[in-house]
**Q** 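Input: one structure, supplied below.
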Amino acid sequence: MKYMIHPQEIMETLTMLRAQNLDIRTITMGISLRGCRGGSGSVLGQEIYDRITTRAAGLVAVGEDIEREYGIPIINKRISVTPIAVVADGLPREEMVEVGVWMDRAAREVGVNFIGGFSALVQKGFTVGDRALIEALPQTLAETERVCASVNVASTKAGINMDAVYLMGRMIKDTAELTRETDGIGCAKLVVFCNAPEDNPFMAGAFHGVGEPDTAINIGISGPGVVLNVVKQHPGVDLGTMANAIKNTAFKITRMGELVGREASRRLGVSFGIVDLSLAPTPEAGDSVAEILEAMGLERCGAHGTTAALALLNDAVKKGGSMASSYVGGLSGAFIPVSEDQGMIEAVEVGSLSLDKLEAMTCVCSVGLDMIAIPGDTSVETIAAIIADEAAIGMVNKKTTAVRIIPAPGKREGERVEFGGLLGRAPVMRVNPFSAELFVKRGGRIPAPIHALTN
Amino acid sequence: MAEEGYRLIITTIGHDRVGIIAGIANILAAANVNILDISQTILQGFFTMVMVVDFKNSTLELGEFKDRLAEKGQELGLVVNVQHEDVFKFMHRI
């Protein structure tokens, strides 16, 4: 039985894991709540709690076992559930909050740091429950610690629900206000989507879609540090060659996700959903997407050329990753959150990266405007208009876009907000001071684009 | 789990010195862990020893086994990694 892996390859893997922050960012267990019934927030909440704590009882232990045996850091174990607006439709606002509190308890009980799915899908319009859930968002996010919320307000097929966009503008503002003493951290747990994926393992936007099985394991990988290293090792090569090098690396890091996903689902006796092959930065040095773009030859992230560099990166990650996994899904691509990426923070602070440039970058990255702090006095209408722009980009380009924005209470442009941990810190960015009020207040629905008519 | 699922790869990295193989191998023998293959080389300026071992009949739990190796590593001034073989197979072989 001759050993068949070269020491050089072993060292490459070890270097990725030890020195370049390669990790499995999350094992997320998706749990369907469609079987849960209850005529009140407390009855339904209890049933949801029971289901989550039963199904996910072994999640954290299995994650830790795999981490130990394989020597791969698994940073987070998380849970996503069926959009609560679907499960709890009919309950009034206060009882929606109660359901959220039960979710929080369940997350605490099984030891996961976030639970996603306090969500509603309203791209075409609201049900009574959708509206109640959305109106329950500020209080729920303020009263819970681990619950993550998302609302899908637009899709390529349905267009943009501008009433929902406006309502979300207000909810974001209210959420910031209710979590004022922590710089508006409630908003860090709230995502507004266009074309939300139903199998996304990453928070805060994870939920377990209605077309999903009872339970599934979805894996989110990471590894900006590994890609950064590869780019640095190829100075001066042409962009095609560099893209290829990134592809090779993306393949390797995605294989880790595939391995962990298969093993976790086998041990938990749960079907394996997808690997989300995203480059998810953290505030740690060397774990930055902005730094990758800079290593490609940009003086600073945000300089002209940034969108092109990001497009190359995003595509190469997908091409390499899709070969490595049997099922790829979720968001898959490069994330560009500001507060969670040291390079992005610095780029904003030196004046290289603006909100407008970030918006352009979202046309070619995997998600959208993410973890961006804006002045606390930004109007509801302006926040809604920012969401509408982002939704339009997603709708027309048939991609997921999202807005996770924090109008930091009492803070002005140039000041800072601190969230701590993976959420990081963010400089408060400039918002265009001119008004979109009359446009936003028109309400209604922006029709789906012509290329939605594909049948 | 398949037969090969019990194979671990132990990587020892640091400065070369007397007694590395003996030190590590003693722990393996005491735990009834069989060495299937062993190689040593200089990589990136560091002494690197790679062992493939069969963990199937180990008398120790994996956690304790790893702790003992880590302890020995510290004593010898080396870093010892213990990982399931699949990590490397998955990453480098299709």
Side-chain angles (χ1 to χ4, degrees), chain A residues 1-20 22-24 61 64-74 219 221 223 226 229-230 233 248-264 266-267 275 277 320-326, chain B residues 1-14 16 20 33-56 58 60-70 73 78-94:
Chain A
M1 187 176 355
K2 191 62 193 162
Y3 173 52
M4 51 184 239
I5 296 168
H6 195 272
Q8 196 89 45
E9 293 171 323
I10 291 184
M11 283 305 287
E12 184 187 354
T13 305
L14 284 174
T15 309
M16 285 182 185
L17 290 166
R18 304 281 176 263
Q20 297 162 8
L22 172 60
D23 56 48
I24 301 296
E64 284 168 357
D65 283 350
I66 292 175
E67 185 167 6
R68 190 165 51 243
E69 281 172 45
Y70 291 88
I72 304 168
I74 299 172
I219 303 290
I221 59 154
V226 181
N229 186 59
V230 159
Q233 280 174 0
N248 291 342
T249 298
F251 175 86
K252 289 176 184 171
I253 61 183
T254 306
R255 290 297 283 170
M256 291 292 93
E258 176 80 2
L259 170 65
V260 170
R262 283 192 202 175
E263 200 52 31
R266 190 183 66 76
R267 292 184 190 194
V275 174
L277 41 103
S322 59
M323 272 290 289
S325 171
S326 37
Chain B
M1 204 180 277
E3 188 80 352
E4 68 248 35
Y6 289 84
R7 289 211 296 241
L8 301 178
I9 292 183
I10 302 172
T11 326
T12 309
I13 305 162
D16 198 7
I20 295 179
V33 172
N34 188 29
I35 300 174
L36 300 171
D37 193 12
I38 180 166
S39 70
Q40 57 176 55
T41 176
I42 303 293
L43 282 175
Q44 294 159 21
F46 286 103
F47 166 81
T48 308
M49 176 174 76
V50 177
M51 281 175 162
V52 186
V53 305
D54 183 355
F55 195 68
K56 192 169 49 191
S58 171
L60 291 179
E61 289 294 314
L62 182 63
E64 206 183 340
F65 179 67
K66 286 177 78 166
D67 287 347
R68 288 209 189 165
L69 285 172
L78 302 158
V79 178
V80 185
N81 287 296
V82 183
Q83 285 168 288
H84 197 290
E85 176 194 47
D86 281 356
V87 173
F88 305 99
K89 275 180 33 186
F90 247 74
M91 185 178 272
H92 298 285
R93 298 286 178 272
I94 305 173

**Q** Among A:Lys252, A:Glu258, A:Glu263, which residue satisfies the side chain to side chain contact (heavy atoms under 4.5 Å, CB included) criterion with B:Phe90?
**A**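 With B:Phe90 as partner, side chain to side chain contact (heavy atoms under 4.5 Å, CB included) holds for just one option, A:Glu258.
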**Q** Taking NZ, NE, NH1 and NH2 as the nitrogens, is one of them in A:Arg68 or B:Glu61 under 4.0 Å from a carboxylate oxygen of the other?
**A**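 A salt bridge is absent here (no side-chain N lies under 4.0 Å from a carboxylate O).
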**Q** Which heavy atom in A:Leu259 sits nearest to a heavy atom in B:Val87, and how many Å separate them?
**A** CD2-CA, 3.7 Å
**Q** Not counting sequence neighbours, which residues clear side-chain contact (heavy atoms from CB on, under 4.5 Å) with A:Leu22? List them please.
**A**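 Listed in chain order: A:Met16, A:Leu17, A:Val226, A:Ile253, A:Met256, B:Met91.
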**Q** May I ask you to check whether over 12 heavy atoms, not counting those of A:Met11, lie within 6.0 Å of atom CE?
**A** yes
**Q** Using side-chain contact (heavy atoms from CB on, under 4.5 Å) as the criterion, list what pairs up with B:Asp16, not counting sequence neighbours.
**A** B:Ile20, B:Phe47
**Q** State, yes or no, whether a side-chain contact exists between A:Leu14 and B:Gln83 at a heavy-atom distance under 4.5 Å.
**A**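 Result yes, sub-4.5 Å side-chain heavy-atom pair found.
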**Q** Write down the atom of B:His92, the atom of A:Glu9, and the distance for their closest heavy-atom approach.
**A** NE2-O, 3.0 Å
**Q** Working to the nearest 0.5 Å, report the span between OG1 of B:Thr41 and NE2 of A:His6.
**A** 7.0 Å
**Q** Is it the backbone or the side chain of A:Gln8 that comes under 4.5 Å from a heavy atom of chain B, or both, or neither?
**A**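 For A:Gln8, heavy atoms of backbone and side chain both lie under 4.5 Å from chain B.
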**Q** With rounding to the nearest 0.5 Å, note down the distance linking OG1 in A:Thr13 to NZ in B:Lys89.
**A**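 The NZ atom of B:Lys89 is 13.5 Å from OG1 of A:Thr13, to the nearest 0.5 Å.
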**Q** Pick whichever of B:Met49, B:Gln40, B:Lys66 has the most heavy-atom pairs under 4.5 Å with chain A.
**A** B:Lys66
**Q** Go through B:Ile13, B:Thr48, B:Asn81 and name the one with the most non-hydrogen pairs under 4.5 angstrom from chain A.
**A**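 Looking at each option in turn, the highest pair count goes to B:Asn81.
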